[in-house]
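These numbers come from a predicted model, not from an experiment.
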Amino acid sequence: MFSFELQKTDATTQARAGMLRTVHGEVATPTFMPVGTVGSVKGIEIRQLEETGTRIILGNTYHLTLRPGEDVVWHFGGLRGFTGWQGPTLTDSGGFQLFSLAKMTKITENGAVFRSHIDGRLLDLTPEKAVEIQEALGSTIAMVLDHVVGLPNPEKVVRDAMERTIRWAKRCRDAHRLENQVQFAIVQGGLDRAMRVECAGRLVELDFPGYAVGGLSVGEAPELMYETLDYTVPELPARKPRYLMGVGTPTDLLEGVARGIDMFDCVMPTRNGRNAMAFTDFGKVRLRNAKYQYDDRPLEDGCPCPACRRSRGYLRHLFIAKEMLGPILLSIHNITYYQRLMTRAREAILAGNYAEFVRQRKIDFTRENDG
RNA sequence: GGUGGAGUUCCCGAGUGGCCAAAGGGGGCAGACUGUAAAUCUGCUAGCAAUGCUUUCCGUGGUUCGAAUCCACGUUCCACCA
């Protein structure tokens with residue numbers, strides 16, 4: 001029904017290669033999960049998404065309950081029936097919206113009260129409600145409702161959020177009924193070692209089938225995030241999948257894998273792709289830049305994606321002309337890049353040379369380089 | 001040929017005596033984006049030895065302490081009338 005096979009652990013890093021087996025299909029790890037917040041990975045058809053190497057995608061509880069409503073999704077047989085995506089899905093609980101939509105949210109011990117960003121109506125999101133919605137959505141993996149706070153924040157704020165996250169995780173677990181769905185818990189605790197270790201330990205006691213590290217990439221420097229993973233991930237069960245939520249850049253993914261993370265999700269490849277930024281092995285490419293006007297090279301040599309069958313000059317033109325094909329092609333390219341990165345990472349782990357693999361690709365994604 | 005209207009910085013367009021190197025768009029250039037309120041957002045866009053200076057608002061001349069703004073002539077475009 002649901003299992004995680006740990007196939008290989010790297011000798012010099014914490015990197016792991018594994019196989020996630022779910023009722024909706026298998027996923028080789030480490031893996032990247034593109035974000036399809038409202039039931040669509042923006043701009044990308046399922047066939048194309050499959051061709052990027054994607055095996056599991058995300059949906060969002062908060063966004064889908066507002067529109068179209070989980071009853072509608074349920075009517076169509078859950079996310080898979082509704083969207084046509086037949087593989088595994090993971091739904092976020094709405095916890096991230098406590099952070100990203102904080103201005104419209106009031107948090108109490110019972111749950112979160114949202115002011116809908118669409119029509120202003122009030123929405124009660126309790127842990128039980130988050131479970132119920134996700135059960136109606138029929139996702140393969142559901143996340144517990146957690147309390148995400150930005151960084152930096154006073155220690156008391158971080159601790160309160162962490163404690164609440166644990167209490168809510170328990171309530172989510174107790175409320176969960178759906179047999180064909182597993183629930184992952186989420187470790188919070190900011191950048192505080194003791195808090196992270198404590199949170200992980202208390203959640204592990206509750207025996208969830210998988211664990212996520214949340215509350216990162218919310219304002220802190222990447223090095224602090226890596227450091228947090230250094231002492232948080234070892235607290236999680238080795239034989240269960242580990243998911244780093246909302247992360248990140250290609251470098252973040254490689255660093256996360258090196259610290260024992262198996263699953264990632266991030267809007268970056270799709271959002272940045274829509275905004276004319278491409279990820280490549282030689283760094284970022286801002287295709288709107290004038291220097292690409294007459295560039296007849298493909299975006300990236302050796303990339304099998306449809307964007308790379310065109311010239312950079314043409315891709316630039318699509319963005320300048322505001323043609324929808326530009327965002328579509330670049331989203332596909334970026335997801336393809338992320339998936340290839342994970343595939344290559346997995347191969348390196350299986351081959352026993354992950355550390356070397358990472359060393360060879362110290363890409364500075366803050367700089368531009370046109371290859 | 002006559003009458004009326006109009007010519008503003010790359011483009012469109014506001015401005016009708018000083019607070020104007022000149023609103024606002026567009027275009028151009030650059031940057032940002034990490035469990036998606038994002039096909040979005042931000043900055044720059046006359047020049048320079050630059051807390052100031054120089055050259056601009058069709059052209060030339062004039063009025064004025066001061067003109068994109070007022071006057072005269074010229075010029076181009078538009079509308080209508082012949």
Sequence neighbours left out, what pairs pass ring-ring contact (aromatic ring centres under 6.0 Å, His included) with at least one residue falling in [range]?
| range | value |
| --- | --- |
| residues 92-124 of chain A | A/Tyr62-A/Phe114, A/Tyr62-A/His117, A/His63-A/His117, A/Phe96-A/Phe99 |
| residues 131-183 of chain A | none |
| residues 200-251 of chain A | none |

Nearest-angstrom distance, [atom1] atom, [N] to [M]:
| N | M | atom1 | answer |
| --- | --- | --- | --- |
| B/C78 | B/U8 | P | 15 Å |
| B/A68 | B/U56 | C1' | 9 Å |
| B/G15 | B/G24 | C1' | 11 Å |
| B/A6 | B/C58 | C1' | 11 Å |
| B/U63 | B/A72 | C1' | 11 Å |
| B/C33 | B/G28 | P | 23 Å |
| B/G47 | B/A21 | C1' | 10 Å |
| B/U51 | B/G27 | C1' | 32 Å |

May I ask which nucleotide in the shown strands pairs with [N], Watson-Crick or G-U wobble, both distances under 3.5 Å?
| N | value |
| --- | --- |
| B/A50 | none |
| B/A38 | none |
| B/A6 | B/U76 |
| B/U63 | none |
| B/G24 | B/C12 |
| B/C29 | B/G43 |
| B/U69 | none |

Lys/Arg N to Asp/Glu carboxylate O, A/Glu163 vs A/Arg202, below 4.0 Å
yes
Residues A/Arg159, A/Glu198: salt bridge by 4.0 Å N-O rule
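Here A/Arg159 pairs with A/Glu198 in a salt bridge, since their nearest N and O are under 4.0 Å apart.
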A/Thr52 side chain to A/Ile332 backbone, donor-acceptor under 3.5 Å
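Answer holds: no.
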A/Thr232 (side chain) donor-acceptor with A/Thr228 (main chain) under 3.5 angstrom
yes
In whole Å, what is the span from the [atom1] atom of [X] to the [atom2] atom of [N]?
| X | N | atom1 | atom2 | answer |
| --- | --- | --- | --- | --- |
| A/Phe319 | B/G27 | CZ | P | 16 Å |
| A/Gln293 | B/G28 | CD | P | 10 Å |
| A/Phe279 | B/U34 | CZ | C1' | 9 Å |
| A/Glu255 | B/U34 | CD | C1' | 15 Å |
| A/Tyr292 | B/G28 | OH | C1' | 18 Å |
| A/Lys291 | B/G28 | NZ | C1' | 17 Å |
| A/Ile57 | B/U36 | CD1 | C1' | 14 Å |
| A/Asn272 | B/U34 | CG | P | 8 Å |

Would you kindly say whether A/Ser93 and A/Gln134 are connected by a side-chain donor-acceptor distance under 3.5 Å?
no
Pairs flagged by salt bridge (Lys or Arg N to Asp or Glu O under 4.0 Å) wherever [range] is involved - sequence neighbours left out:
| range | result |
| --- | --- |
| residues 126-136 of chain A | A/Glu70-A/Lys129, A/Glu128-A/Arg171, A/Lys129-A/Glu132 |
| residues 239-263 of chain A | A/Arg16-A/Asp262, A/Asp207-A/Lys240, A/Asp230-A/Arg259, A/Glu255-A/Arg259, A/Glu255-A/Lys362 |
| residues 175-192 of chain A | none |
| residues 263-279 of chain A | none |

Give [X] one of three labels, base, sugar-phosphate or nothing, depending on what nucleic acid heavy atoms sit under 4.0 Å from its own.
| X | result |
| --- | --- |
| A/Leu98 | nothing |
| A/Asp252 | base |
| A/Gln188 | base |
| A/Thr270 | base |

From [X] [atom1] over to [Y] [atom2], what is the distance, rounded to the nearest 0.5 angstrom?
| X | Y | atom1 | atom2 | answer |
| --- | --- | --- | --- | --- |
| A/Phe279 | A/His333 | CZ | NE2 | 9.5 Å |
| A/Ile141 | A/Leu20 | CD1 | CG | 5.0 Å |
| A/Arg359 | A/Tyr354 | CZ | OH | 12.0 Å |

Would you say that A/Leu299 contacts A/Leu329 through its side chain, given a criterion of any heavy-atom pair below 4.5 Å between the two side chains?
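The answer is no, as the side chains (C-beta and beyond) never meet within the 4.5 Å cut-off.
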Classify every nucleotide of nucleotides 37-45 of chain B by which part a protein heavy atom approaches to under 4.0 Å, writing B for the base, S for the sugar-phosphate alone and - for neither, in 5'-to-3' order.
BBSB-----
Scan [range] against RNA chain B and write down, sorted by residue number, each residue with any heavy atom closer than 4.0 Å; if none is found, say none.
| range | result |
| --- | --- |
| residues 16-38 of chain A | A/Val35, A/Thr37 |
| residues 123-158 of chain A | A/Asp146, A/Val148 |
| residues 211-236 of chain A | A/Gly215, A/Ser217 |

Presence of donor-acceptor pair under 3.5 Å, side chain of A/Asp92 and base of B/G35:
yes
If you check every side-chain atom of A/Ile186, which of B/G35, B/C29, B/C33 has the closest atom?
B/G35
Please output the side-chain donor-acceptor pairs of residues 30-42 of chain A that fall under 3.5 Å, not counting sequence neighbours, one pair per line with the distance.
none

Check whether any side-chain nitrogen or oxygen of A/Asn289 sits under 4.0 Å from OP1 or OP2 of B/A30, and answer yes or no.
yes
Taking only N and O in the side chain of A/Asn60, is any of them less than 4.0 Å away from OP1 or OP2 of B/U36?
yes
